[in-house]
Amino acid sequence: PDEPEALENWTTMIHKLKEFLERIFERTITDDRIEQAIRDSNEKVRKMNQVFDYVALDPPLVGWQELYDIFFLAQSARGSEMVPLFDSIINKLERRKKDGYVYGPSGAPRVMVTGCPVSGDASKVFHAIEEAGGVIVALDICSGMKPYMSLIEEGTGEPIRTLAAHYLQIPCSCMTPND
């Protein structure tokens, strides 16, 4: 992503994907529809960040398994599909806050897990952290919090280029910068 031609290359590849999808599904993908999808995605990001506010509390109100489940659902769902679920989750978290519920032991070390995408056996590490008395408050991974750290710019007139620029800026621990 840090190469000078990265944005042009990635923009070209997204255009090729768009053309492929249009051919396969016999549908036209307009800039207006892409802009709507960007707005929809941004709404999902805003809602996810409201959930993160509850995770950021000390002590947190959300455990890693719940957060992981939310990521799993949100990863492939449209924002419009997720908004009612997010609203329900946020209401539940607000009730937890009012009721004095906390996740994890008082004074527990707060742990951020970072690295490659999480699945399968990685949960063993999470369980070990909790068994040692820690509480996981951040999943700094490509399939975790990273995709929700920024909004996609809206109304640029070049939505595909905007998408390329946005996704190139998501820091990924799987990639190393050039020296």
Between Q36 and R39, is any side-chain donor less than 3.5 angstrom from a side-chain acceptor? yes
Report the relative orientation of the aromatic rings in H127 and W64; use parallel for angles under 30°, tilted for 30 to 60°, perpendicular for over 60°. perpendicular
In Å and rounded to the nearest 0.5 Å, what is the CD1 to CD1 distance from I160 to I34? 4.0 Å
Intermediate values then yes/no, side-chain contact (heavy atoms from CB on, under 4.5 Å), M82 and E43: CA-CA 9 Å; M82 288 298 296; E43 183 59 25; over 6 Å; no
Would you check, one step at a time, whether the test side-chain contact (heavy atoms from CB on, under 4.5 Å) holds for V111 with V137? CA-CA 6 Å; V111 178; V137 295; over 6 Å; no
If you count heavy atoms of other groups shown closer than 6.0 angstrom to CZ of R46, is the number above 12? yes
Please examine the side chains of Q50 and F86, heavy atoms only from C-beta on, and report whether any two atoms are closer than 4.5 Å. no
Answer yes or no: is there a donor N or O on one side and an acceptor on the other, between the side chain of R96 and the main chain of L61, under 3.5 Å? yes
Apply the test salt bridge (Lys or Arg N to Asp or Glu O under 4.0 Å) to residues E81 and K44: give CA-CA distance (whole Å), side-chain angles for both, the deciding distance (0.1 Å), then the verdict. CA-CA 9 Å; E81 296 168 336; K44 181 168 55 172; over 6 Å; no
Here the pair of heavy atoms bringing P109 nearest to G133 is CD-O, 3.3 Å
Would you say the side-chain atoms of N42 pair up with the backbone N or O of I152, donor to acceptor, closer than 3.5 Å? yes
Would one find more than 12 heavy atoms of other residues, nucleotides or ligands at under 6.0 Å from atom CD of E158? no
For a side-chain contact (heavy atoms from CB on, under 4.5 Å) check, start with the C-alpha distance between L85 and L73, then their side-chain angles and the critical distance, and finish with the verdict. CA-CA 10 Å; L85 178 60; L73 291 171; 3.7 Å; yes
With a 4.5 Å cut-off on side-chain heavy atoms, are I89 and K92 touching? no
Apply side-chain contact (heavy atoms from CB on, under 4.5 Å) to residues L163 and W10 and explain how you reach the verdict. CA-CA 9 Å; L163 288 171; W10 194 230; over 6 Å; no
pair V135-P60: side-chain heavy atoms closer than 4.5 Å: yes
Is there a path from M112 to V125 through hydrophobic residues (I, L, V, M, F, W, Y) whose side chains come within less than 4.5 Å of each other? no
Out of curiosity, L17 CG to I29 CD1, how far, rounded to the nearest 0.5 Å? 7.5 Å
Same hydrophobic cluster for V83 and I70, using side-chain heavy-atom links shorter than 4.5 Å among ILVMFWY? no
Distance check, rounded to the nearest 0.5 Å: F52 atom CZ versus L67 atom CG? 6.0 Å
Check whether any side-chain heavy atom of S150 lies under 4.5 Å from a side-chain heavy atom of H166, and answer yes or no. yes
Once you round to the nearest 0.5 Å, how far does CD of E130 lie from CD1 of I136? 5.5 Å
Is a donor on one side and an acceptor on the other found under 3.5 Å between the side chain of D40 and the backbone of G79? yes
Nearest 0.5 Å, what's the CZ-CD distance between F126 and E131? 13.5 Å
Test item: R27 side-chain N/O and L21 main-chain N/O as donor-acceptor pair under 3.5 Å: no
So, does S88 use its side chain to make a donor-acceptor pair with the main chain of P84 at under 3.5 Å? no
Output yes when a side-chain donor or acceptor of S41 lies under 3.5 Å from a complementary backbone atom of A37, and no otherwise. no
Does E5 have more than 12 heavy atoms from other residues, nucleotides or ligands lying within 6.0 Å of its CD? yes
Classify the side-chain pair E66/Y103 by whether it contains a donor and acceptor separated by less than 3.5 Å. no
Closest non-hydrogen atom pair, G157 against E35: N-OE2, 4.0 Å
Same apolar cluster (I L V M F W Y, side chains within < 4.5 Å links), M149/M48: yes
Find the distance between CE (M13) and NZ (K16) and round it off to the nearest 0.5 Å. 5.0 Å
Donor-acceptor pair, side chain of E154 and main chain of I38, under 3.5 angstrom: no
Just so I know, are the side chains of L7 and R161 near enough to count as touching, which here means a heavy-atom distance under 4.5 Å? yes
Between E22 and K18 (salt bridge meaning N to carboxylate O under 4.0 Å), is one present in this structure? yes
